[in-house]
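Notes follow once the structure below has been shown.
Given the structure is predicted, the values throughout are model-derived calculations rather than measurements. In what follows, every heavy atom counts, from backbone to side chain, and hydrogens, waters and symmetry copies are set aside.
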Amino acid sequence: VTQAVSRMKDGTPGPGNTLLAKNVRHVQQAVRQYHGRVGRHNRQSLLVIPQEEVKRADPNLRSVAVVGGSPDGRSHLSWNTRTVARRQANVCEEHGWRKVVVITFDLNMRRAMETYRLLGLQPIAGPAIDVAYIPDYVHWGMRTKWRAFCREFMLQNVFLGSGKYLQWRDKERGEYR
């Protein structure tokens with residue numbers, strides 16, 4: 001599974017999502033080599049559930065489903081790490097998958113891993129990228145590393161502090177896995 005980086009102001013996926021797509025390819029190649037050595041090749045282990053921006057960065061990625069990107073390229077209350085992960089978890093549930101390799105940018109990895117854990121999956125941290133922070137990203141928090149660090153620090157504290165509440169709320173709504 002992937003968690004995308006903001007897209008560019010001109011609508012293109014941008015260098016961060018291109019790097020994420022390359023990491024997906026590296027993981028797929030490593031899995032293919034591992035299965036070749038142990039004599040069992042599982043085609044499903046090579047599939048990915050990318051966010052739209054990552055798929056647009058590499059249209060040839062073998063994916064089982066694509067989770068749509070944010071309508072405006074930004075994270076907000078209705079489109080964020082949790083909503084993307086929930087949609088990806090639904091696809092995993094449909095296929096009976098429990099383990100996922102998480103590929104995202106370095107500052108988002110901890111929060112993404114905990115999100116997938118809360119959704120009942122067994123996440124494995126994939127290679128995290130150090131995103132090229134450039135002013136042409138749509139999302140203000142991805143334009144400089146300092147902004148991204150401050151944003152993630154705040155979000156992780158809020159997210160991890162509210163994680164138990166969100167778990168309880170989802171259970172009450174019948175959405176908890």
Side-chain angles (χ1 to χ4, degrees), residues 1-32 43-92 94-95 97 100-116 119 121 123-156 158-159:
V1 294
T2 67
Q3 289 281 329
V5 177
S6 177
R7 64 178 170 249
M8 305 298 283
K9 290 177 183 176
D10 65 3
T12 58
N17 291 311
T18 302
L19 286 172
L20 288 172
K22 285 181 183 178
N23 276 358
V24 169
R25 291 258 185 215
H26 291 306
V27 168
Q28 288 175 326
Q29 183 180 14
V31 168
R32 190 177 296 115
R43 289 179 57 86
Q44 288 186 339
S45 65
L46 301 176
L47 297 176
V48 65
I49 308 171
Q51 202 170 336
E52 180 185 342
E53 291 87 352
V54 177
K55 179 71 172 180
R56 286 179 53 214
D58 185 353
N60 296 321
L61 279 179
R62 286 193 42 187
S63 54
V64 66
V66 177
V67 175
S70 169
D72 61 359
R74 296 174 173 85
S75 293
H76 40 73
L77 292 176
S78 63
W79 193 263
N80 52 45
T81 297
R82 185 175 170 80
T83 55
V84 170
R86 178 168 288 169
R87 290 180 184 193
Q88 292 167 329
N90 289 339
V91 174
C92 290
E94 290 171 13
H95 289 87
W97 300 333
V100 294
V101 176
V102 179
I103 300 175
T104 187
F105 58 99
D106 55 353
L107 295 175
N108 187 48
M109 184 61 81
R110 179 177 178 212
R111 189 164 47 95
M113 293 287 289
E114 187 60 26
T115 301
Y116 290 107
L119 291 171
L121 295 174
I124 301 164
I129 64 165
D130 185 6
V131 179
Y133 300 94
I134 51 178
D136 288 336
Y137 278 128
V138 170
H139 195 294
W140 69 270
M142 299 305 294
R143 293 180 189 162
T144 68
K145 187 148 188 158
W146 175 246
R147 285 182 180 180
F149 176 79
C150 291
R151 176 181 179 270
E152 283 300 320
F153 179 78
M154 180 204 59
L155 287 174
Q156 285 183 18
V158 169
F159 175 79

Side chain to side chain, Pro127 and His26, heavy atoms closer than 4.5 Å: no

Between Arg111 and Asn108: side-chain donor-acceptor atoms closer than 3.5 Å: yes

With sequence neighbours excluded, residues passing salt bridge (charged side-chain N to carboxylate O under 4.0 Å, His left out) with Lys145: Asp106, Asp130

Distance-minimising heavy-atom pair for Met109 and Ala125: SD-CB, 4.1 Å

Between CD on residue Gln3 and CG on residue Leu20, distance to nearest 0.5 Å: 9.5 Å

Spatial distance of atom NZ (Lys22) from atom CG (Leu61) [nearest 0.5 Å]: 12.5 Å

Intermediate values then yes/no, side chain to side chain contact (heavy atoms under 4.5 Å, CB included), Val5 and Glu53: CA-CA 8 Å; Val5 177; Glu53 291 87 352; over 6 Å; no

Any residue meeting side-chain hydrogen bond (donor to acceptor under 3.5 Å, both in side chains) with Asn23, in chain and number order, not counting sequence neighbours: none

Partners passing salt bridge (charged side-chain N to carboxylate O under 4.0 Å, His left out) against Arg147 (at least two apart in sequence or in another chain): none

Euclidean distance, Gln51 CD relative to Arg56 CZ, rounded to 0.5 Å: 11.5 Å

Heavy-atom closest contact (Pro50 atom, Ser63 atom, distance): CD-CB, 3.6 Å

Contact check, side chains of Leu121 and Cys92, non-hydrogen atoms, under 4.5 Å: yes

Derivation of the side chain to side chain contact (heavy atoms under 4.5 Å, CB included) call for Gln88 and Val102: CA-CA 11 Å; Gln88 292 167 329; Val102 179; over 6 Å; no

Nearest-0.5 Å distance that lies between atom NZ in Lys9 and atom CG in Asp136: 5.5 Å

Residues that Tyr137 engages under side-chain hydrogen bond (donor to acceptor under 3.5 Å, both in side chains), provided they are two or more places apart: none

Which atom of Phe105 lies closest to which atom of Ala4, heavy atoms considered: CE2-O, 4.1 Å

side-chain hydrogen bond (donor to acceptor under 3.5 Å, both in side chains) pairs, two or more places apart, involving residues 10-19: Asp10-Thr12

Contact check, side chains of Glu114 and Thr81, non-hydrogen atoms, under 4.5 Å: no

With Thr2 via side-chain hydrogen bond (donor to acceptor under 3.5 Å, both in side chains) - residues at least two apart: none

Any side-chain heavy-atom pair of Val1 and Trp97 under 4.5 Å: no

